[in-house]
2 protein chains.
Amino acid sequence: MRKAKVLAGNQLFEIDFSGAEGGRTGDGETLAQAAYRALRVDIIRGVRPPGERLRIEKLKTIYGIGPTPLREALQKLSSDRLVVTEGNRGFTVAPLDPTEFHDLNMARTAVEKETLRLSIANGGNDWEAKVVAVSYIMKKEDQALMAARDGVPDSWEQANAAFHAAMVAACGSRWLLKIRTDLHDLCERYRRASVYQKLGTRDLQSEHQAISEAVLDRDAEGACVLTEQHFKLTAAALSDQTADPAS
Amino acid sequence: MRKAKVLAGNQLFEIDFSGAEGGRTGDGETLAQAAYRALRVDIIRGVRPPGERLRIEKLKTIYGIGPTPLREALQKLSSDRLVVTEGNRGFTVAPLDPTEFHDLNMARTAVEKETLRLSIANGGNDWEAKVVAVSYIMKKEDQALMAARDGVPDSWEQANAAFHAAMVAACGSRWLLKIRTDLHDLCERYRRASVYQKLGTRDLQSEHQAISEAVLDRDAEGACVLTEQHFKLTAAALSDQTADPAS
DNA sequence: TCCTGCTTTATTATCGACAAAATTTAAAAA
DNA sequence: TTTTTAAATTTTGTCGATAATAAAGCAGGA
């Protein structure tokens, strides 16, 4: 709790600043946690490119945080497999390896399908309503994306994440959802790196709509097939680009 | 590399002590990594019971490691969900919650089935040979377990882990295997805590044999059903015990 | 002259001791 | 009994020292 004691008139007031923060450091949050979040988004968003060496001295000046919290954050990130560390050789942003992505995408697809099946089996009315809601947003964002010229807006990324998250939200296992989210974040780094040139050739709006329709129809296997295809197209676009720099 | 230069006769020898260690610190390994491993096994094995507060001062004297590496280890363990940390309130061994276990077991079963399907589809001759080998060991350990009176020997735990790991080894995704291993370790803590009184009522040898036969027959669905049942029996034994302390 | 291998140097990562912030406990006052 | 204040413990962060690794320099041999 961030408190302050203020003497006014003859009275001593205690003021609680919780939630009044400008949204930068966060209250009651450890510097290590702040460093973790900041580094995490920077790595996923590509601000810290794959393979970059993460020297404590540099990070110290960049983030304005001491070495100890930074080390703790880097350790956690290495658990997430977003940074790699070896012996006494410091930390590095995990490299992007097409083989690794193939593996990762396979795992992600498998988990996504399983959560989808469970979610369709267990979901109630409130879940259905949420699916309808995110589908509505997704449709608008997909249309905006087709018109967009310069890259992919962050709002589309968020909508896409929320869309797929909503489909599986009712799966009933917090653990499966956590694993799914982790894999999603890991994949996002690969996607951000290169996919977006090929977006024009896909009809994302139709893909998303077909998925949400199958979900609302409680057609588990149909939804799984569509989602698998959806992921596969993204993965293929990435593979083409990394393996085929000539064409 | 832990090396030493030795002058003998007129010759200079360089001796490498790798692997000659007493098994305590390890060579080239960071103290943080050593602390992580030590704490991890202690938590999984129940040496540090659930809910125990992990005060740095105490750990410092117990493991003979300074505060900084310990903090880094604890951060990584909190990523693994083996310890929990909140704000500025230190670290605690993650509590055992029956609901949490139910969730965890569901996730584990789902991942195990998926890896099993993939493994059966992709496995080659060498994999089959490995399956035969671990099944042979497992049979002997199961028989020894039936005769054992005082708890479960560590060798059985290892054999059991190796048995199930071998079944899914050929699944083709390092990521799925990593997730599977993590979930397995998490569950082991619950199992160690309480299951073992009910072992007498189960025929583990038959269960394991049925699984390995289905796997070798490439009967993916059969193997999945058997494995699911296998896990469910363990989970049920645990739930009975925690929910039913009266009977 | 060029290459190979070792030694030296410098950079960097890791660790432990100290200090500051926060929380919990305890005690006192309303 | 409840609230408030103060003390003590604990957690967190900064800093400097140590140890390890990578790079540069140097000698010896081809």
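Labels below follow one simple rule: chain letters A, B, ... track the order of the sequence lines, proteins then strands, and each chain is numbered from 1.
Using a 4.0 Å cut-off between charged side-chain N and carboxylate O, D154(A) and R192(A) make a salt bridge. Taking 4.0 Å as the cut-off between side-chain N and carboxylate O, K178(B) and D182(B) count as a salt-bridged pair.
E29(B) has its CD atom 15 Å from the C1' atom of dA20(D), to the nearest Å. Taking atom CG on L74(A) and atom P on dT12(C), their separation rounds to 16 Å, with Å as the unit. The nearest whole Å value for the distance from the CD atom in E72(B) to the P atom in dG16(C) is 11 Å. Rounded to an integer number of Å, the gap from CD1 of I65(A) to P of dG13(D) is 9 Å.
Residues forming a salt bridge (Lys or Arg N to Asp or Glu O under 4.0 Å) with D97(B) (at least two apart in sequence, or on another chain): none. With sequence neighbours excluded, the residues forming a salt bridge (Lys or Arg N to Asp or Glu O under 4.0 Å) with K113(B) are E228(B), listed by chain and number. Not counting sequence neighbours, K232(A) has no partner by the salt bridge (Lys or Arg N to Asp or Glu O under 4.0 Å) test. Looking at residues two or more places apart in sequence or on another chain, you find a salt bridge (Lys or Arg N to Asp or Glu O under 4.0 Å) between E114(A) and R117(A).
Residues D185(B) and D80(B) have side chains not in contact (no heavy-atom distance under 4.5 Å, counting atoms from C-beta outward).
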With 3.5 Å as the limit, what N/O pairs link the protein to nucleotides 6-12 of chain D?
residue	atom	partner	partner atom	Å
dT11(D)	OP1	R53(B)	NH2	3.3
dT12(D)	OP1	G87(B)	O	3.0
dT12(D)	OP2	R71(B)	NH1	3.0

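End-to-end axis angle of the helix from dT1(C)-dA30(D) to dA30(C)-dT1(D), from C1' rotation axes over five pairs per end: 10° (rounded to 10 degrees).
Defined by atom type and a distance below 3.5 Å, a donor-acceptor pair is missing between the side-chain atoms of Q75(B) and Q75(A).
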